[in-house]
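Okay, structure first, notes after.
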Amino acid sequence: MAMQFTPQQMTGFAGYGDRTLIGNWSEDIQLKEDRLKSFVEKAERGQLLSQTIHAKVAQHTTPLSITPEHPDGYIHFDDKVVLQCVDHNGFLSVDLDDVEKVPGLPKKVIPTCASATQPMLRNVWRIVRVQAPDDQLYPAEEADVLHYNQPFKLVLNEQLCGDGELALHSEAKTGTSWSKISKNQEVTAVDRGTADLVWKPLYIDMEHRMEMEGMPVKANVAVILHHVQTNKPLCSQKANIHINDFGPEWEVCCFDDRGTGTKKRCLPELPPNHWGFITGPPAQGAPRKPIDRKKLTQEQASVVVEKVRTKLIQRGGNGFRGLTRVLTILDDNGNRKLDKYEIDNGLQTYGLSLLPEELDAIMKAFDDDGNGQISVREFMRALRGPMSDRRVNLVRLAYAQLDIDGNETVTFDEIRQLYDVKKHPDVLSHNKTPDMVLQEFISAWDKDGNATITFKEFCEYYEDLGAPIDNEDYFELMIRNAWHISGGTGVAANTSCRRVLVTHNDGTQTVEEIKNDIRMKPDDIAAMKQNLMQQGITDIKKIQLYS
């Protein structure tokens, strides 16, 4: 029997419903009941759209462990890492339902960059080796280490993909293939094996990119991820937003972002092209054992180091002040980094010629980072030697500010409360992400992989930091101001502790120092009053913040 509707119902008139007994009103009631029944059945089976999206989000965001940082500090093949973009600190991620379907071709999953608080199924990638003729040129102890300009694939973790294998893919921009937001070269994740899946890491500094080719890639350090087939770097710009079931995220594409202008090809890549392989913290108790790439013994290196030290100090004439001028001459390109060739040219200027083996010894002695270059701080640290007793005592005072429970050890959590990575110069200049700086911070203090910072490690840190500082008074001022340690005389007197204007009971006013106020909030008047009373200032009527 055909359904009968009134003319008003046929034209969509909303003035009549099932409560108005006109026309075939029983059919409207039946339709509502059928829809409700269908809704209840889908809800019981978990087939509602909201339930499907919620289940997918729960699966994709399941926490997943990543590879701990290796003792040598390098990235190895088969490591599970997260990739972070320096421009916005987002992590390379996927949504398996966010796909591009082209008739006759396998589906393409659209990757994005998303904020995350931990590694999870959608943002953990595995570094897979791609066989290349140059593999035989690397030392045997580095056979499983990823090197600059060495090809590799980025494969999504198998827990999310199941039986298939999704790898990061890109292909040249065509009339039917481009990134949907920026219209640049598209990046996807596919399950087919082609040459379009191959990438290689490039050193971030263009001036030293060629000489760094073949050197190991360090973990938690920014690199350029270059697509081999199209000669384009991976890019994610914070201005380009892609919407999926997880909300607004950053688009990922292949684009050489060097700014604008006719000479941009000569400029370095900008932060949207900077990516970091982020690993987990070192395994508990794992010793740090960098790979030794040099063949000279430590005794031979010490002889050459002493030879250079003697010559440079003689030519400098005024301790480390003169040595600073020497380093300025050695740093031919002004980037505050010294490679082997700059050292050779600079030393020859001073009448000191070294054999190739001796130059290798210099690199071995001074290059603590293993990056093929020597920073000014590394160079001066090796030449300066251990700290004086005065500096050690000042460092001990600073350590006491952190060791509030007096157990001779400081946990990383205790010191991290006073260390703001967001204000680090490398973060402000977009050279590194906060996570990269934090990983370097952990490595710098916790060299044996434990969760505590000993006084010896604290001293080693300040040996590095204080190497370029020749003036003992300035070093004392730096320590006192950094850790809000009251005291010091003359130019070394503390200037960072808060000063307040105190009104006494008799009406007189004096400016007083809140001593050792590093853990005190800037507006905590009650704590300031208690601090002053402990100093013997008890006739306090009023305290005003004083600038």
Side-chain angles (χ1 to χ4, degrees), residues 55-70 73-99 108-130 144-146 151-170 187-191 193 197-201 217-223 225 227 234 236 242 244-247 249-252 274-284 286 432-436 438-439 442:
K56 180 187 69 174
V57 170
Q59 180 206 14
H60 280 54
T61 57
T62 301
L64 185 64
S65 298
I66 56 178
T67 303
E69 182 179 342
H70 293 278
Y74 300 141
I75 293 294
H76 292 239
F77 289 109
D78 289 326
D79 279 357
K80 291 183 178 181
V81 300
V82 290
L83 281 89
Q84 188 173 36
C85 180
V86 172
D87 190 42
H88 45 62
N89 301 333
F91 297 91
L92 186 64
S93 308
V94 297
D95 175 0
L96 292 185
D97 290 337
D98 189 5
V99 299
K108 298 178 180 179
V109 178
I110 308 298
T112 57
C113 269
S115 300
T117 58
Q118 62 182 345
M120 57 188 69
L121 289 181
R122 69 182 304 237
N123 64 16
V124 174
W125 300 79
R126 183 166 58 91
I127 300 174
V128 178
R129 179 192 299 274
V130 174
D144 64 337
V145 174
L146 178 65
F152 70 99
K153 292 194 302 182
L154 283 172
V155 177
L156 200 62
N157 63 88
E158 59 276 5
Q159 290 94 325
L160 183 63
C161 300
D163 296 334
E165 182 181 274
L166 286 179
L168 198 66
H169 162 273
S170 187
V187 173
T188 58
V190 300
D191 59 357
L197 304 178
V198 182
W199 304 78
K200 62 180 180 181
V217 177
K218 298 195 70 175
N220 310 303
V221 172
V223 300
L225 294 181
H227 188 244
L234 192 66
S236 182
H242 178 92
N244 57 23
D245 289 341
F246 291 85
E249 298 181 341
W250 293 284
E251 181 192 58
V252 176
H274 299 176
W275 297 80
F277 295 105
I278 307 299
T279 61
Q284 185 71 19
K432 295 178 181 177
T433 67
D435 296 85
M436 294 177 190
L438 187 58
Q439 288 287 351
I442 295 173

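At least one side-chain heavy atom of Lys153 sits under 4.5 Å from a side-chain heavy atom of Leu197. Looking only at side-chain heavy atoms (C-beta outward), Pro111 and Val187 come within less than 4.5 Å of each other. Two residues are said to be in side-chain contact when any heavy atoms from C-beta on lie closer than 4.5 Å; Pro201 and Phe152 meet this criterion. Phe246 places a side-chain heavy atom less than 4.5 Å from the side chain of Arg122. Between Leu234 and Trp275, the closest side-chain pair of non-hydrogen atoms falls below 4.5 Å. Trp125 is not listed as a side-chain neighbour of Asn157, based on a closest heavy-atom distance of 4.5 Å or more. Two residues are said to be in side-chain contact when any heavy atoms from C-beta on lie closer than 4.5 Å; Thr279 and Pro68 fail this criterion. For the pair Leu64/Met120, no side-chain contact is recorded, criterion being any heavy-atom separation below 4.5 Å from C-beta on.
Under 3.5 Å, the side chains of Thr112 and His242 contain no donor-acceptor pair of N or O atoms. Checked by atom type, the side-chain pair Glu249/Asn244 shows a donor-acceptor distance below 3.5 Å. For His60 and Asn123, the side-chain atoms include no donor-acceptor pair closer than 3.5 Å.
Residues in residues 109-118 take part in no salt bridge (Lys or Arg N to Asp or Glu O under 4.0 Å) pair, two or more places apart or across chains.
Atom NE2 of His169 and atom OG1 of Thr188 lie 5.0 Å apart (nearest 0.5 Å). To the nearest 0.5 angstrom, Arg129 atom CZ is 11.5 Å from Ile127 atom CD1. Atoms CD1 and CG, from Ile278 and Leu92 in turn, are 12.5 Å apart once rounded to the nearest 0.5 Å. Here CG of Leu96 is found 12.0 Å from CD1 of Ile110. Values are rounded to the nearest 0.5 Å.
Annotation for Ser93 and Ala114: closest pair OG-CB, 3.9 Å, computed over non-hydrogen atoms. A pairwise comparison of heavy atoms in Leu83 and Leu225 identifies CD2-CD1, 3.2 Å as the closest pair. For the residue pair Ser170 and His227, the shortest heavy atom distance occurs at O-CE1, 3.1 Å.
Using a distance-only test at 3.5 Å, with no hydrogens or angles considered, no donor-acceptor pair links the side chain of His274 to the main chain of Cys85.
A cation-pi arrangement is not found for Arg126 relative to Phe77, the charged atom failing to lie both closer than 6.0 Å to the ring centre and inside a 45° cone about the ring normal.
Checked against side-chain hydrogen bond (donor to acceptor under 3.5 Å, both in side chains), Thr67 has no partners two or more places apart in sequence or in another chain. Under the side-chain contact (heavy atoms from CB on, under 4.5 Å) criterion, Asp245 pairs with Ile53, Lys56, Asp95, not counting sequence neighbours.
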#### Entry: Test side-chain contact (heavy atoms from CB on, under 4.5 Å) applied to Val124 and Val82, step by step
CA-CA 5 Å; Val124 174; Val82 290; 4.1 Å; yes
### Task
Kindly determine whether Val145 and Ile75 satisfy side-chain contact (heavy atoms from CB on, under 4.5 Å), including the steps that lead there.
CA-CA 6 Å; Val145 174; Ile75 293 294; over 6 Å; no
### Task
Report the C-alpha distance between Leu166 and Val155 in whole Å, list the side-chain angles of each, state the deciding distance to 0.1 Å, and finish with yes or no for side-chain contact (heavy atoms from CB on, under 4.5 Å).
CA-CA 6 Å; Leu166 286 179; Val155 177; over 6 Å; no
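Using a 4.0 Å cut-off between charged nitrogen and carboxylate oxygen, Lys218 and Glu69 do not count as a salt-bridge pair.
The aromatic rings of His88 and Trp250 lie parallel to each other, their planes meeting at an angle below 30°, with 60° marking the opposite boundary.
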